[in-house]
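This report refers to the structure that appears directly beneath it.
Here, residue 1 is the first one in the sequence, and each next residue gets the next number.
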Amino acid sequence: MTRPLSYITVFTLLAVLLVGTSWMQNDSRKTVFSAIRAEEYNNTHVSDALQEATSKIGHRLTGSENGHKAEQFAYDLFKKYGYKAVAFHEFEVEAWSRENVHLNIYYGNKDTAAGNPVTGTDFPQKLNPSNANCVRTPEVVSLAHSPVKADVFARVIDLSNGLKKDFEALKDSIPGKIVLLNLGIYPKDSTLKNLHRSEKTALAIQYKAAGCIFINNVEGRILLTGTASVNGKLISIPAVCITQEDGQSLRQCMSLSPITQARIVMNNRSGKIKARNVIATLPGSSLKEEEIIICGHLDSWDLATGAIDNGIGSFTVMEIARVFEKLKIKPLRTIRFVTFMGEEQGLLGSRALVKEMTKDGKLNKLRYVMNLDMDGNTEGFNICGRPEMESFVKKLVSDIQAVEPSFKGTFANRAGLHSDHQPFLEQGVPIIASEGNLDKSVYKYYHSNKDNFALVNPEHMNRCAMFMGMMLYALASEPEIPAKKLNDEETRAFLLKANLKEELQLEEMWRWEK
């Protein structure tokens, strides 16, 4: 006769069963991690695909012929990797492109007519207040979304780092002047929080400046471009960038000259065009209605090929897609691999997708976004202001280190803006990012005329694909993710805590109280 099980015995059996299930889940995750590691070590395609794109296409400016070629290249690559569900997500964009720009700087002891300067070439050595008015013409590049045509002549006023306090200190002197600004914080000061160049331009417009001259605070006569618009629309004043060396010379001359003036003349092009995000879908199983997005922007500026910004990010997204298909990984949640266009011109592709997902209700089913922008040599993870994910990520780090001991497992918890995760962050969607460690020399060529494939370290791309691929699998296969999408009031509180209100207000993206 079989004796009935006691409550204690039943409890014990259930506990053993639960522990066994946990072990099985752990073993399964480590097995997948080991397979991803082996594939990246033995059969990676990531840097080869990027090298092919940079050599065949060149730059990937949104709205240009090259931009359309890049969109097709990504679509074809997803297809080559075995994805059946690949789609273009088309959106309309105000495309901007440069034609020509000229910058003259006038020094002297009186106001001068811009068209009739006396030329001087021995600045600043022989400049003094008794000299006749003289002119210099530094190397210059237009910042995107500057006016289609501009011809501005005005006195120059130095606003140093161009932070709100710098504008406020000279607010009565700014109207009608051309403001001189650092792109970064210079000299470096860890106590100051920098603003994006578009936000500094927004302040210049708010304080009624006539134009902006930005100094790229990186040595080596490097010209940097990028958008000066917070919303992807044309701005009302011209904005240009000069090299660090010319900026230092300009400031030295200004210290010797009673009056410094500048003339900015530019011609650009702008018009409505169609651009396309590219989306490959890996269907989930038991939680297929829930989605994880892993993305990176495919577009680049036109001064170079954009190998670092953001070839290393977008092509790593495509590499992770390749690995998942090659290994026949079957996640619980649906994964969308997205390459965005229009990021450089104002997050246009990601904003278009968020708008569509909000309209059809899919945004409420989006569980997480992983964005790769200039990411490489991943050493850990940034949970982007969601402390409820800390234990999940630290356990994940332990599992990764069990299969790849070289992974450092660094940890960060900071939320930021200015890439394609931002439109999702603004709607309360949880974000996770790579904590990378690219060579410092790489960052100085950001948005510059020297961002080419020669800067790419294939091993760094492999490590990003490996570890972010593992994170993607963990998020897509975890039965219950600790972080949830925030409601509207929770999102407001989150953004306030992250100290992002001022930036969002400058971008006209703060939707709560003014």
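- Within the 4.5 Å cutoff, the side chain of Thr305 has heavy atoms near those of the Asn452 side chain.
- How far OG of Ser419 is from CG of Asn310: 7.0 Å, rounded to the nearest 0.5 Å.
- Ring orientation note: the planes of Tyr83 and Phe337 are nearly perpendicular, at an angle over 60° on the 30°/60° scale.
- Considering Asp166, Asp189, Leu195 in turn, Asp166 is the only one that fulfils the side chain to side chain contact (heavy atoms under 4.5 Å, CB included) rule with Asn161.
- For the pair Arg333 (side chain) and Glu478 (backbone), a donor-acceptor distance under 3.5 Å is present.
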### Message
His297 vs Asp309, test: side chain to side chain donor-acceptor pair (under 3.5 Å). Steps then yes/no.
### Response
CA-CA 8 Å; His297 72 87; Asp309 189 14; 3.1 Å; yes
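- Counting heavy-atom neighbours within 6.0 Å of Glu490 CD, excluding the residue itself, gives a total above 12.
- Using a 4.5 Å cut-off on side-chain heavy atoms (C-beta onward), Thr491 and Arg511 make contact.
- Between Lys359 and Glu356, no side-chain nitrogen of the basic residue sits less than 4.0 Å from a carboxylate oxygen of the acidic one, so the salt-bridge criterion is not met.
- Phe381 pairs with exactly one of Phe407, Phe411, Phe467, Phe392 by the ring-ring contact (aromatic ring centres under 6.0 Å, His included) rule, that one being Phe407.
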### Task
Apply side-chain contact (heavy atoms from CB on, under 4.5 Å) to Glu503 and Gln422, showing your working.
CA-CA 12 Å; Glu503 293 173 72; Gln422 179 178 334; over 6 Å; no
### Query
Yes or no on side-chain contact (heavy atoms from CB on, under 4.5 Å) for Gln51 and Val456, after CA distance, side-chain angles and deciding distance?
CA-CA 9 Å; Gln51 185 173 28; Val456 173; over 6 Å; no
### Task
I would like to know whether Ser97 and Leu61 meet side-chain contact (heavy atoms from CB on, under 4.5 Å); could you show each step before the answer?
CA-CA 8 Å; Ser97 61; Leu61 182 68; 4.2 Å; yes
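- Applying side chain to side chain contact (heavy atoms under 4.5 Å, CB included) to Asp375 and the options Asn371, Leu372, Asn377 leaves one that passes, Leu372.
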### Task
Let me see the working for Glu71 and Lys274 under salt bridge (charged side-chain N to carboxylate O under 4.0 Å, His left out), right down to the final yes or no.
CA-CA 11 Å; Glu71 295 161 0; Lys274 301 286 186 181; over 6 Å; no
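- Ser448 places no side-chain N or O within donor-acceptor distance of the main-chain N or O of Leu224, the cut-off being under 3.5 Å.
- Heavy atoms from other residues, nucleotides or ligands lying under 6.0 Å from NZ of Lys497 number 12 at most.
- Between the side chain of Asp299 and the backbone N or O of Glu343 there is at least one donor-acceptor pair closer than 3.5 Å.
- Under the 6.0 Å cut-off for aromatic ring centres, Phe424 and Tyr368 do not qualify, their centroids lying 6.0 Å or more apart.
- Side-chain polar atoms of Arg463 and Thr378 form no donor-acceptor pair below 3.5 angstrom.
- Side-chain atoms of Gln345 come within 3.5 Å of backbone atoms of Trp96 as a donor-acceptor pair (strictly under, hydrogens ignored).
- Counting non-hydrogen atoms of neighbouring residues, nucleotides and ligands closer than 6.0 angstrom, the CD atom of Glu459 reaches no more than 12 such neighbours.
- Distance check, rounded to the nearest 0.5 Å: NZ of Lys394 to CD1 of Ile383 gives 8.0 Å.
- The number of heavy-atom neighbours closer than 6.0 Å to NZ of Lys233, taken from other residues, nucleotides and ligands shown, is 12 or below.
- Around atom NZ of Lys484, more than 12 heavy atoms belonging to other residues, nucleotides or ligands sit under 6.0 Å away.
- Side-chain atoms of Thr225 and Arg98 form a donor-acceptor pair, as typed in the model, at a separation below 3.5 Å.
- Here CE of Met466 is found 11.0 Å from CD of Glu39. Values are rounded to the nearest 0.5 Å.
- Within the 3.5 Å criterion, the main-chain N or O of Ser64 finds no donor-acceptor partner in the side chain of Lys69.
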### Message
Walk me through whether Glu435 and Lys408 qualify under salt bridge (charged side-chain N to carboxylate O under 4.0 Å, His left out).
### Response
CA-CA 10 Å; Glu435 277 289 289; Lys408 292 183 178 179; over 6 Å; no
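- Formation of a donor-acceptor pair under 3.5 Å by the Ser34 side chain with backbone atoms of Val403 is not found in this model.
- For the pair Phe91/Lys355, no side-chain contact is recorded, criterion being any heavy-atom separation below 4.5 Å from C-beta on.
- Side-chain N or O atoms of Lys200 include one that pairs as donor or acceptor with a backbone N or O of Asn182 at under 3.5 Å.
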### Task
Decide yes or no on side chain to side chain donor-acceptor pair (under 3.5 Å) for His196 and Glu507, but give the supporting numbers first.
CA-CA 10 Å; His196 192 265; Glu507 296 179 16; over 6 Å; no
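- The CD1 atom of Ile292 sits 5.5 Å away from atom CG of Leu475, with the distance rounded to the nearest 0.5 Å.
- For the 3.5 Å distance criterion, the side chains of His418 and Glu199 qualify, holding a donor opposite an acceptor.
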### Task
Given salt bridge (charged side-chain N to carboxylate O under 4.0 Å, His left out), test Lys164 with Glu502 step by step and report yes or no.
CA-CA 10 Å; Lys164 180 67 178 282; Glu502 180 184 354; 5.4 Å; no
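- The shortest side-chain heavy-atom distance between Ile329 and Val32 falls under the 4.5 Å cut-off.
- More than 12 heavy atoms of other shown residues, nucleotides or ligands fall within 6.0 angstrom of atom CD in Glu489.
- Checking side-chain atoms of Arg60 against main-chain N and O of Gly306 turns up a donor-acceptor pair under 3.5 Å.
- Side-chain N or O atoms of Asn462 include none that pairs as donor or acceptor with a backbone N or O of Thr44 at under 3.5 Å.
- The aromatic rings of Trp301 and His447 sit perpendicular to each other, their planes meeting at more than 60°, with 30° as the lower class boundary.
- Residue His45 forms a side chain to side chain contact (heavy atoms under 4.5 Å, CB included) with just one option from Glu52, Lys80, Glu40, Arg322, and that option is Arg322.
- Side-chain atoms of Thr334 come within 3.5 Å of backbone N or O of Lys288 as a donor-acceptor pair.
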#### Entry: Check against side-chain contact (heavy atoms from CB on, under 4.5 Å), Val393 and Met471
CA-CA 9 Å; Val393 170; Met471 171 58 80; 4.2 Å; yes
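- Between Phe33 and Leu396, the closest side-chain pair of non-hydrogen atoms falls below 4.5 Å.
- Of the N and O atoms on the side chains of His145 and Asn231, not one donor lies less than 3.5 Å from an acceptor on the other residue.
- With salt bridges taken as basic N to acidic carboxylate O contacts below 4.0 Å, one links Asp399 and Lys395.
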